[in-house]
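The basis for the numbers below is simple: all heavy atoms, side chains too, and nothing from hydrogens, waters or symmetry mates.
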Amino acid sequence: MGKNDKSSLGRALVKHHNHMIQESKEKGQVYYRQHKKVLESITDVNDIDAVIQQADEAVRLFSADNSAAVSTLIDLESSSNTSEIMTTEERRELQKKEEELHANSLSVPRRPAWNAKMTVEELDANERRAFLVWRRSLARLEENESLVLTPFEKNLDIWRQLWRVVERSDLLVMVVDARNPLFYRCPDLEAYAREIDEHKRTLLLINKADLLPYTVRLKWAQYFKLHDILYVFWSAKVATAELEGKNPVSSSVESIDTDTKLYTRDELLSRLQSEAEEIVVRRTNSQSNHVTVGFVGYPNVGKSSTINALVGAKRTGVTSTPGKTKHFQTLIITEKLTLCDCPGLVFPSFTSSRYEMIASGVLPIHRMTEHREAVQVVADRVPRHVIEAVYNITLPKPKPYEAENRPPLAAELLRSYCASRGYVASSGLPDETKAARQILKDYIDGKLPHYQLPPGVAAVAAEDETSESREESDSDSDSGEGRLEEVLEDLESFDMANGLGLGSSKGVGGGRRKKLPPAGASYKHHKKPQRKKDREWRVKDDGTDGTPVVRVYQKPVNGGPVMAT
């Protein structure tokens with residue numbers, strides 16, 4: 001073998017080695033992209049993307065025998081432009097009726113029947129087909145103009161994580177926020193768990209219960225008992241502080257009342273294990289040596305913090321951004337108890353607006369486009385005096401012709417907050433975007449205290465408030481003349497932001513506002529008085545022929561000494 005043959009063989013080996021490295025890199029990139037796609041939570045999809053995605057799935061999964069999928073196609077040409085102009089109250093009443101009518105349509109996707117003999121391709125095709133039909137059923141609800149459907153999880157791989165957790169768990173724990181438990185509760189998920197196993201139960205873990213007053217906690221306990229809902233009041237923040245020895249909490253009132261007490265870490269672990277063991281006994285008529293408890297819930301409700309507090313160490317990532325956990329995790333607590341953590345899921349539900357989900361922490365704050373709309377949700381829920389006390393600011397008072405108990409406007413809150421903190425944008429205007437993000441963060445973290453009452457209690461409170469407002473309106477009608485004077489005086493001091501003049505007497509463009517005539521005056525009193533013209537500048541009749549006098553200014557002659565030549 002010559003020298004040239006050796007060199008060519010070496011080059012061939014080097015090329016082959018480089019080719020193998022390149023192929024491994026390409027495979028790694030493909031795997032990384034697939035892995036990244038699985039971990040991505042998708043809640044926001046526009047109409048065009050949804051149509052393209054559904055069309056692609058329909059073409060790929062099309063089969064002549066699958067007539068059900070074909071019959072559920074979305075009619076994109078049908079448009080309902082016959083909506084009449086309605087008031088806000090009428091629109092709310094219509095929305096409430098439509099929500100009650102379609103309450104059963106808000107379902108979570110079911111995993112199709114499967115067995116161990118199925119191949120991976122068959123199982124994947126069945127799951128994608130069932131998921132496509134579920135997406136189309138919710139698309140019909142989104143076409144209803146009277147309904148507002150929340151952005152929900154649209155990634156099939158995230159729902160697959162939920163299916164595995166529900167199937168493996170003996171007891172399913174749904175973590176909800178104590179300030180509005182029903183907003184984060186998914187009744188259809190409880191029904192789905194019973195479909196898998198009739199003995200399986202769901203427990204509501206009321207997290208952040210330390211932010212609720214004792215009386216409010218008592219009302220929620222009565223509501224849960226009345227509707228046969230298994231619940232536990234809990235605070236992951238307090239439990240973590242107790243575990244670290246930073247803030248031990250002791251309350252004699254709560255320790256006596258078992259219905260409203262905050263469970264400690266050991267008490268909660270014991271309660272979860274006992275509830276799961278009872279389910280196993282009812283299912284198998286025998287005591288089990290090991291039980292599994294699954295945790296599910298919305299993003300940012302404190303599910304990961306609860307897992308870390310129960311485990312006693314940081315096992316899952318915690319962040320203010322919703323949806324940190326992406327894969328379900330199996331955590332062994334003891335020989336008899338195992339916890340199974342599911343990624344945070346946004347379940348389909350009805351809501352008043354998208355901004356309510358941003359204020360509730362379900363959607364990230366940095367995705368906010370209309371900051372005033374989201375801050376208005378906070379202003380409507382937190383009382384005026386609470387906002388002023390927390391931020392040490394003074395909000396503008398309502399106008400005399402407005403309700404005295406009206407919530408502050410978002411613009412008023414943002415401008416007052418910017419003025420007190422010195423938030424100024426590069427344009428020189430108040431930096432409302434920065435202020436809105438901070439206010440929403442304080443609202444989610446609990447710095448701005450707020451809570452929702454149970455449905456029945458909230459209705460009673462609303463009726464009492466309405467009756468009080470009616471009594472106030474009746475008393476105000478007796479003094480209508482004095483009220484009118486206050487309104488007129490306030491109109492004089494309207495600012496330029498409201499489209500009126502600035503000051504007490506100036507109008508738009510610097511003009512002077514007309515004074516209203518006294519009551520009972522005749523039309524003659526309404527006529528504008530004639531203004532006398534000033535003619536003093538004219539030359540008076542001094543016996544001349546009337547020719548205007550022209551005054552000529554003559555420069556005085558220089559009267560200095562004459563120089564001799």
Enquirer: Looking at Ile158, Val166, Val175, Val165, which hits side chain to side chain contact (heavy atoms under 4.5 Å, CB included) with Cys342?
Expert: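 Single side chain to side chain contact (heavy atoms under 4.5 Å, CB included) partner of Cys342 among Ile158, Val166, Val175, Val165: Val165.
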Enquirer: Any chance you could measure Lys219, atom NZ, to Thr260, atom OG1, to the nearest 0.5 Å?
Expert: 13.5 Å
Enquirer: Determine whether Glu356 and Arg381 satisfy the following criterion, salt bridge (Lys or Arg N to Asp or Glu O under 4.0 Å), listing intermediate values before the conclusion.
Expert: CA-CA 11 Å; Glu356 182 181 357; Arg381 294 182 178 180; 2.9 Å; yes
Enquirer: Could you pull out the closest heavy-atom pair between Glu412 and Leu395, with the gap in Å?
Expert: O-CD2, 4.2 Å
Enquirer: Less than 4.5 Å apart, side chain to side chain, heavy atoms only: is that true for Asp445 and Lys441?
Expert: yes
Enquirer: Once you round to the nearest 0.5 Å, how far does CD of Gln452 lie from CZ of Arg179?
Expert: 10.5 Å
Enquirer: So Leu189 and Thr202, side chain to side chain contact (heavy atoms under 4.5 Å, CB included) or not? Walk me through it.
Expert: CA-CA 9 Å; Leu189 181 61; Thr202 303; over 6 Å; no
Enquirer: Check the angle between the aromatic planes of His227 and Tyr223 and answer parallel, tilted or perpendicular using the 30° and 60° thresholds.
Expert: tilted
Enquirer: Using atom types as modelled and distance alone, determine if a side-chain donor or acceptor of Trp220 lies under 3.5 Å from a backbone N or O of Pro181.
Expert: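 The answer is no, because no donor-acceptor pair under 3.5 Å joins these two groups.
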Enquirer: May I have the step-by-step check of side chain to side chain contact (heavy atoms under 4.5 Å, CB included) for Arg140 and Leu138, ending in yes or no?
Expert: CA-CA 5 Å; Arg140 294 194 192 94; Leu138 292 180; over 6 Å; no
Enquirer: Salt-bridged, Glu190 to Arg185, with N to O below 4.0 Å?
Expert: yes
Enquirer: Any side-chain to backbone donor/acceptor pair from Arg372 onto Ala410? Under 3.5 Å, distance only.
Expert: no
Enquirer: Tell me which pairs pass side chain to side chain donor-acceptor pair (under 3.5 Å) where either residue lies in residues 416-430, with sequence neighbours left out.
Expert: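 Listed once each, the pairs would be none.
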Enquirer: Do you know the tightest heavy-atom contact between Ser360 and Tyr184?
Expert: O-OH, 2.8 Å
Enquirer: Could you check if a side-chain atom of Val377 sits within less than 4.5 angstrom of a side-chain atom of Glu373, using non-hydrogen atoms only?
Expert: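 Of all side-chain heavy-atom pairs linking Glu373 with Val377, none is under 4.5 Å.
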Enquirer: Side-chain contact test, heavy atoms from C-beta onward, threshold under 4.5 Å: evaluate it for Tyr451 versus Leu211 and give yes or no.
Expert: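 Heavy-atom side-chain distance check fails, nothing below 4.5 Å.
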Enquirer: So Leu262 and Asp210, do their side chains get closer than 4.5 Å, heavy atoms only?
Expert: yes
Enquirer: Quick one: does Leu172's side chain get under 4.5 Å of Phe295's, heavy atoms only?
Expert: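 SC-SC contact between Leu172 and Phe295 ruled out.
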Enquirer: If you take all heavy atoms of Pro348 and Ser107, which pair is closest and at what distance?
Expert: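 Closest approach of Pro348 to Ser107, heavy atoms only: CG-O, 3.6 Å.
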Enquirer: Under the side chain to side chain contact (heavy atoms under 4.5 Å, CB included) rule, what do Val424 and Asp431 come out as? Steps first, then yes or no, please.
Expert: CA-CA 5 Å; Val424 181; Asp431 194 351; 5.8 Å; no
Enquirer: Test side-chain hydrogen bond (donor to acceptor under 3.5 Å, both in side chains) on Asp177 and Tyr298; report intermediate values, then the result.
Expert: CA-CA 9 Å; Asp177 195 320; Tyr298 275 81; over 6 Å; no
Enquirer: Are the side chains of Arg384 and Asn405 in contact, using a 4.5 Å heavy-atom criterion?
Expert: no
Enquirer: Search all heavy atoms of Ala309 against all heavy atoms of Leu243 and return the closest pair with its distance.
Expert: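 Heavy atoms only, the tightest pair is O-CD2, 4.0 Å.
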Enquirer: At what distance, to the nearest 0.5 angstrom, does CD1 of Ile206 lie from OH of Tyr231?
Expert: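 These two atoms lie 9.0 Å from each other.
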Enquirer: Working to the nearest 0.5 Å, report the span between CD1 of Ile358 and CD1 of Ile365.
Expert: 8.5 Å
Enquirer: Just by distance, no angles: are the side chains of Asp157 and Gln161 close enough, under 3.5 Å, to form a donor-acceptor pair?
Expert: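 Looking only at side-chain atoms, Gln161 and Asp157 do not form any donor-acceptor pair under 3.5 Å.
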Enquirer: Does the side chain of Tyr263 reach to within under 4.5 Å of the side chain of Phe233, using non-hydrogen atoms?
Expert: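 Not in contact.
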Enquirer: Got more than 12 heavy atoms from elsewhere within 6.0 Å of CZ, Phe183?
Expert: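 Enclosed: over 12 neighbouring heavy atoms sit under 6.0 Å from CZ of Phe183.
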Enquirer: Would you say Leu413 and Ile393 make side-chain contact, with heavy atoms under 4.5 Å?
Expert: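 Yes - at least one pair of side-chain heavy atoms lies under 4.5 Å apart.
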Enquirer: Are any side-chain N or O atoms of Asp442 and backbone N or O atoms of Lys447, one a donor and one an acceptor, separated by less than 3.5 Å?
Expert: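 No, Asp442 side chain to Lys447 backbone: no donor-acceptor pair under 3.5 Å.
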Enquirer: Verify the ring-centre separation between Trp134 and Phe152: is it less than 6.0 angstrom?
Expert: yes
Enquirer: Considering all heavy atoms of both residues, which atom of Leu310 and which atom of Arg265 are nearest to each other, and what is their separation?
Expert: O-NH2, 2.9 Å
Enquirer: If we ignore hydrogens and angles and just use 3.5 Å, is the side chain of Glu402 paired with the main-chain N or O of Lys399 as donor and acceptor?
Expert: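 Answer holds: yes.
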Enquirer: Should the pair Arg217-Asp259 be classified as a salt bridge under the 4.0 Å nitrogen-to-oxygen rule?
Expert: no
Enquirer: Can Gln376 and Asp380 be said to form a side-chain hydrogen bond (donor to acceptor under 3.5 Å, both in side chains), step by step?
Expert: CA-CA 6 Å; Gln376 189 61 51; Asp380 292 340; 2.9 Å; yes
Enquirer: Are any of the side-chain nitrogens in Lys303 or Asp341 under 4.0 Å away from the carboxylate oxygens of its partner?
Expert: yes
Enquirer: For the side chain of Asn207 and the backbone of Val301, is there at least one donor-acceptor N/O pair under 3.5 Å apart?
Expert: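 Present.
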Enquirer: Report the C-alpha distance between Val378 and Leu440 in whole Å, list the side-chain angles of each, state the deciding distance to 0.1 Å, and finish with yes or no for side chain to side chain contact (heavy atoms under 4.5 Å, CB included).
Expert: CA-CA 7 Å; Val378 178; Leu440 290 171; 3.6 Å; yes
Enquirer: To the nearest 0.5 Å, what is the distance between CG on Leu203 and CD1 on Ile229?
Expert: 11.0 Å
Enquirer: Would the distance check show the side chain of Trp234 and the main-chain N or O of Ala239 forming a donor-acceptor pair, the cut-off being under 3.5 Å?
Expert: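 Absent.
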Enquirer: Using modelled atom types only, decide if a donor and an acceptor are shared between the side chain of Arg415 and the backbone of Glu432 within a distance under 3.5 Å.
Expert: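 Side chain of Arg415 to backbone of Glu432: no pair is present.
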Enquirer: Just verifying a value: how many Å separate Leu448 CG and Ile439 CD1, rounded to the nearest 0.5 Å?
Expert: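 That separation rounds to 7.5 Å.
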Enquirer: Looking at Pro407 and Ala379, what are the two nearest heavy atoms and their distance?
Expert: CB-O, 3.5 Å
